Amino acid sequence: VGDKRQQQQPLAQRLSWQELASTRIFAEICKRTADLVAHWQAIGWCHGVLNTDNMSIVGLTIDYGPYGFMTHFDQEYVCNLSDHSGRYSYKQQPAMCQWNLQKLAESWELMFPRQKATF
């Protein structure tokens, strides 16, 4: 009976305040990152090195070198001459931002472990 009652509670009531705050904050970081990369994609701008340390939780990026604008549409466009595999190509930018967000989430789990509740 207790488990069933717990499952019927809204998610916000089953999370600790730390988990709830981190979930809301993380959702906002994801939204801002998605908005940022969507704007890049819309204007044909490429960030040459989208490592985790080049992203910010406020929805912007730092360390802009190398970067570039496409002169014509090419989803394989790479502005970083040392990126031979296309890891940071135009088409990979959304996936790289998502990967960076996943790494952030993994690091937060160390501070805010998930409850063993069924969602």
Side-chain angles (χ1 to χ4, degrees):
V1 175
D3 286 341
K4 196 169 199 172
R5 207 174 289 147
Q6 183 181 17
Q7 290 174 359
Q8 293 173 345
Q9 290 178 332
L11 176 62
Q13 291 177 3
R14 292 185 305 199
L15 297 175
S16 69
W17 70 267
Q18 296 99 331
E19 290 172 310
L20 186 58
S22 67
T23 300
R24 288 180 178 166
I25 292 167
F26 186 71
E28 181 63 23
I29 294 167
C30 289
K31 179 193 173 308
R32 289 178 181 205
T33 301
D35 288 346
L36 176 69
V37 75
H39 286 103
W40 292 349
Q41 299 295 95
I43 62 171
W45 189 83
C46 290
H47 191 299
V49 187
L50 272 173
N51 295 330
T52 55
D53 63 331
N54 293 338
M55 299 294 297
S56 167
I57 63 171
V58 296
L60 53 85
T61 184
I62 51 179
D63 190 6
Y64 288 101
Y67 66 89
F69 284 93
M70 290 189 282
T71 56
H72 63 280
F73 180 75
D74 176 6
Q75 67 178 3
E76 304 294 334
Y77 177 74
V78 175
C79 62
N80 181 346
L81 298 178
S82 67
D83 179 10
H84 304 291
S85 67
R87 178 177 174 91
Y88 302 115
S89 67
Y90 171 84
K91 77 175 184 180
Q92 287 295 108
Q93 290 186 130
M96 292 312 305
C97 288
Q98 183 178 13
W99 189 87
N100 289 340
L101 289 166
Q102 179 160 352
K103 295 304 164 192
L104 176 63
E106 289 170 8
S107 70
W108 280 15
E109 268 193 326
L110 298 173
M111 295 183 295
F112 308 112
R114 294 181 191 178
Q115 287 185 344
K116 296 188 190 260
T118 306
F119 296 105

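Quick caveat, the model's predicted, so the values are computed rather than measured.
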>> Salt bridge check, Arg24 against Glu28: does any charged N sit closer than 4.0 Å to a carboxylate O?
In response: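 Salt bridge: no.
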> Val49 and Pro66: which non-hydrogen atoms are nearest, and at how many Å?
Replying inline: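 Scanning both residues completely, I find the closest heavy atoms to be CG2-CD, 3.7 Å.
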> Of the non-hydrogen atoms in His47 and Thr61, which two are nearest, and what is the gap between them?
Replying inline: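 So the minimum-distance heavy-atom pair works out to NE2-OG1, 3.1 Å.
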Short question: side chain of [X], backbone of [Y] - any donor-acceptor pair under 3.5 Å?
X: Tyr88; Y: Val78; answer: no
X: Gln93; Y: Leu50; answer: no
X: Gln75; Y: Tyr90; answer: no

> Do Val37 and Met70 share a hydrophobic cluster (ILVMFWY, side-chain heavy atoms under 4.5 Å, transitive)?
Replying inline: no
> What pairs with Cys79 under side chain to side chain contact (heavy atoms under 4.5 Å, CB included), at least two apart in sequence or on another chain?
Replying inline: Cys46, Tyr77
> Looking at residues at least two apart in the chain, or sitting in another chain, which of them share a side chain to side chain contact (heavy atoms under 4.5 Å, CB included) with Arg87?
Replying inline: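 So Arg87 forms a side chain to side chain contact (heavy atoms under 4.5 Å, CB included) with Asp83, Ser85, Met96, Trp99.
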> Once you round to the nearest 0.5 Å, how far does CD1 of Ile57 lie from OG1 of Thr33?
Replying inline: 9.5 Å
>> Rounded at 0.5 Å granularity, tell me how far CG in Leu60 sits from CG in Leu36.
In response: 7.0 Å
> Any idea how Trp40 and Trp45 line up, ring-wise: parallel (<30°), tilted (30 to 60°), or perpendicular (>60°)?
Replying inline: tilted
> What do you reckon, is CD1 of Ile43 surrounded by more than 12 foreign heavy atoms closer than 6.0 Å?
Replying inline: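 Check passes, neighbour count above 12.
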> What salt bridge (charged side-chain N to carboxylate O under 4.0 Å, His left out) pairs are there with at least one residue in residues 90-107, not counting sequence neighbours?
Replying inline: Glu76-Lys91, Lys103-Glu106
